[in-house]
> 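Supplied in structure tokens, the structure appears directly below.
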Amino acid sequence: MTEKPSAPQRPELPPAWNPAEVEAGLYERWVERGYFTADANSDKPPFSIVLPPPNVNGSLHMGHALNHSVMDALSRRRRMQGYEVLWLPGTDHAGIATQTAVERALASEGVSRHDLGREKFVERVWEWREEVGGRILGQMRRLGDGVDWSRVRFTMDEGLSRSVQTIFKKLFDDGLIYRAERIINWCPRCQTALSDIEVDHSDDDGELVSIRYGEGDRSIVVATTRAETMLGDTAVAVHPEDERYQHLIGTDVEVPLTGRFVPVVADEHVDPEFGTGAVKVTPAHDPNDFEIGQRHDLPAITVMDGRGNITVKGPFEGLDRFEARPAVVAALREQGRIVAEKRPYQHSVGHCSRCDTVIEPRLSMQWWVKVEPLARAAAEAVRDGRTTIHPPELAKRYFDWVENLNDWCISRQLWWGHRIPVWYGPNDKIVCVGPDEEPPSGEGWTQDEDVLDTWFSSGLWPFSTLGWPAQTADLAKFYPTSVLSTGYDILFFWVVRMMMFGLYAMDGKQPFDHVFLHGLIRDAHGKKMSKSRGNGIDPLDWMDSYGADATRFTLLRGANPGSDLALAEEWAAGSRNFTTKLWNATRFALGNGANVERPLPDRSELTDVDRWVLDLLDGLITEVDAQFEAFQFSRISDALYKFTWDEFCDWYLELAKVQIAEGGERAESTRLVLGHVLDKLLRLLHPLTPFVTEVLWTTLTGGESLVVAEWPAASGAQADADAARRVEGVKKLVTEIRRFRSDQGLKPGQKVGGAVLGADEVDLAGLVESVRSLTRMTEPGDGFTASVSLDVGLTGGTVKVELDLSGAIDVVAERKRLTKDLAAAQKEQAQCQGKLGNAAFTAKAPADVVAKIQGRLEAASADIERINARLATLPEA
RNA sequence: GGGCGUGUAGCUCAGCGGAAGAGCACUCGGUUUACACCCGAGCGGUCGCAGGUUCGAACCCUGUCGCGCCCA
């Protein structure tokens, strides 16, 4: 029987990794083989993630790419660990954004939605969704997202709409949904109410105008930033204890321009320090004024329509609010009623988070969710540990917010969305209709015109997507979901709403066990990416240039929990370099016969170098596992990067060359070690960089796919501390020799004869060949003359290296090198002596610390002696 | 105004009680047959400032200044 060739025939790797050519094909193969399709009937433990649904008309931006990289890494690892993994994708209908987009398209045809009518308009939106709605899903495939495409959902689906109607009815019946007339945030451009979190506040330049109301000793000066709303004033308010105004409280003053007399009321909420201490009260156009109005039973006069145009008969009628403001001020000035004007005056102004239009507080009838009991449950679930927030610092913010929630305005004056299932009938009858109920028919019954906030339906996502309200196998298997991942800026949007609804609908069962909150994407200098700055980076560009793996790796490497991450093209190039490095290392290993055809030989048959790298690998596996459990993606990536590049490539591969050159059994065992280390390393890297590892691993092992390969476990072997010490000794020796060569101006490739003396004493005899190989040092030949000697202090002794540089050495360079080393050793010596000379230190510090310092002192002193001796032998420069 | 976070190498960030680290950038030298998307060697920091606790502080405490975010 002939010996088997050590390197079996294997498909050869191309010389370079070309992601653009390969990624799409790999991805489609994974999908076709059904790797990402979850089985609700499997016996495996479940692991589930629902994708926080992106806008149906959006496209993949860097924030998505980061979040998806996180979710994909988590779910790929769990799949390899033998979990039944469900990562469920989908999109939300983005009520305002989508309706606006379609209205804009219609406008270019000269048609408004009202021309079309509600039914036809909604049809158009569905058509629009068919056209653009798949874009972001396609982009997810490029990134490599291992989602279950058989379960892709949309918030306007029939099933999800049923969930919406079910929960609306349940909340309505429980008294947690009600209708009320209040001040809401109105966007005059979007023409709809918004909830509080859809309003962004910024400090804008405005004006502060002081206006005199009334006459003579019955007059009072109020300060306002919104003079035009005075047309709707129904009171002037002062603080009850403000001595300046005691005589006016309870009297009436005239509101200029209107001829109307309004009462002066005393209210605790007026700040006597602000302006004159008196404020005008416009209950229909200011949330604080509305509350004052409630307390004092004041009428509310609406002076603007939904577009922000003045509706009061007279000279201002029809003017836009921003035109009306100066017009009103001018009219007041003419009457001599302007006491003071301050411009610019910075104050906080609310803007629509969709379109940036200045919000108009408006009195209007809307539907509300009473959040207090829901929010209390949401806080409790985190407090008692059913749900854990990562990083924990952000839990505080979660509590603060949840405990101070106002009721949630859920009705929107749109056509695109879930229509409110409430019918109004004769005699003010109101009926809320559940999913299997017939709406009331007959004369006089009409359905509410409004639709629900998009977040109302996406808040149901963790269970509506699994089939709720039906008790499906999916729901039983995959709820509660394992992890929800999103940016910390979305904490209040997704997380809180999903928590409130999940706990409510699922009998106190939390929607997710863990919440992972990643940071926000910024540019290379930490600035927010934005269209106006033009500093945005498109993840698709990165994928084109550097590959999906490099894009993912860059994002994960920067993902420190709770902190933002700065990105620049160089970062992605660096990650691409890493994938190339991995590619080349594997190519080298394969070219030298690396394989996993047989188990590793017993550790006793391996070399120090083999045991060292295997022990490091064990440590790496332990580290990666621990950091995965802690959502520390940056540490995972860093550990893998450093092992791959700084240990495996820089040292093990170089040392393996020596072992392979030995031939025979040694070469064979080295090929196995190479194969086994790479095999496990590729498995560990797969959740982060699935594409390149798939190609390398299938080539190395002949296995079917890394997607379904087993996640590696540490070997359990006792780490060989002696092997580690010896290899570290080799590394130090090699580094010192290289430094000497470099300082002496030797070309890296130039071979130099040399002798290594004293290797025995430090137990390195067996590794001298490796040192020679890595430093281009040849055996001392016949005419060997040591022109220089080099002392390297290692644990346990000093190794002397003699080199024949065939001629004079560069004394200046050598003196400089030694002087530098001397200075370092002296500094070290002084530091250690200082500590040891301190009686308090030796008395109070733990014994092992004292011993360590003692050891350092001895080493430093020996170094100083050696270097001085060496310097003495050098001729003067 | 309230709360949270953060100031470490030129840039972006790790480290969070016992010898100042990484990536990128920079300098020098390299056609060492895995890799120039690379290899080897180097330069670069009183860890914002001021006090305090401790045998010992980048790390803990207090104050202060700068920056960022969230909520009013």
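The sequence lines fix the lettering, A, B, ..., with proteins before strands; numbering per chain opens at 1.
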> With nearest nucleotides of RNA chain B determined for A:Ile197 and A:Glu570 from heavy-atom distances, which residue corresponds to the more 5′ nucleotide?
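This one resolves to A:Glu570.
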> Reckon A:Trp645 touches a base, only the sugar-phosphate, or nothing at all at heavy-atom distances under 4.0 Å?
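It contacts sugar-phosphate atoms only.
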> Select base, sugar-phosphate, or nothing to describe what A:Thr735 touches, counting heavy atoms under 4.0 Å on all strands.
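Counting heavy atoms under 4.0 Å across all strands, the contact made by A:Thr735 is with sugar-phosphate only.
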> For A:Glu654, answer base if it contacts any base atom (sugar-phosphate contacts may also be present), sugar-phosphate if it contacts only those atoms, and nothing otherwise; contact means non-hydrogen atoms under 4.0 Å.
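Since a base atom lies under 4.0 Å of A:Glu654, the category is base.
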> Does a side-chain N or O of A:Asn404 approach OP1 or OP2 of B:rC71 to a distance below 4.0 Å, or not?
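No, A:Asn404 has no side-chain N/O under 4.0 Å of OP1/OP2 on B:rC71.
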> Below 4.0 angstrom from OP1 or OP2 of B:rU33, is there any side-chain N or O of A:Lys657?
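Checking A:Lys657 against B:rU33: no side-chain N or O falls below 4.0 Å of OP1 or OP2.
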> Once hydrogens and angles are ignored, does a donor-acceptor distance under 3.5 Å link the base of B:rC4 to the side chain of A:Lys396?
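Absent.
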> Across the strands shown, which category fits A:Arg738 at heavy-atom distances under 4.0 angstrom: base, sugar-phosphate, nothing?
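It contacts sugar-phosphate atoms only.
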> With a 3.5 Å cut-off and heavy atoms only, can you find an N or O donor on one side and an acceptor on the other between the side chain of A:Arg576 and the base of B:rC37?
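Result: at least one qualifying N/O pair found.
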> For A:Asp489, answer base if it contacts any base atom (sugar-phosphate contacts may also be present), sugar-phosphate if it contacts only those atoms, and nothing otherwise; contact means non-hydrogen atoms under 4.0 Å.
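No contact.
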> How would RNA chain B look in dot-bracket form, 5' to 3', counting Watson-Crick and G-U wobble pairs with both distances under 3.5 Å and writing | for bases paired to another strand?
((((((((.[[[[.)..(..]]]].(((((.......))))).....[[[[[..)....]]]]]))))))).
> Would you classify A:Ala845 as touching base, sugar-phosphate or nothing, given that sugar-phosphate means primed atoms plus P, OP1 and OP2, and contacts are heavy atoms under 4.0 Å?
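Base contact.
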> For A:Arg739, which contact category applies under a 4.0 Å heavy-atom criterion: base, sugar-phosphate, or nothing?
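Answer is sugar-phosphate: A:Arg739 comes under 4.0 Å of backbone atoms only.
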> Quick one: label A:Lys747 by what it contacts on the DNA or RNA (base, sugar-phosphate, nothing), any heavy atom closer than 4.0 Å.
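Result for A:Lys747 = sugar-phosphate.
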> Under 4.0 Å, counting only non-hydrogen atoms across every strand here, what does A:Arg635 touch: a base, just sugar-phosphate, or nothing?
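Touches sugar-phosphate only.
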> Kindly indicate whether the side chain of A:Gln744 and the base of B:rA41 share any N or O donor-acceptor pair separated by less than 3.5 Å?
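Absent.
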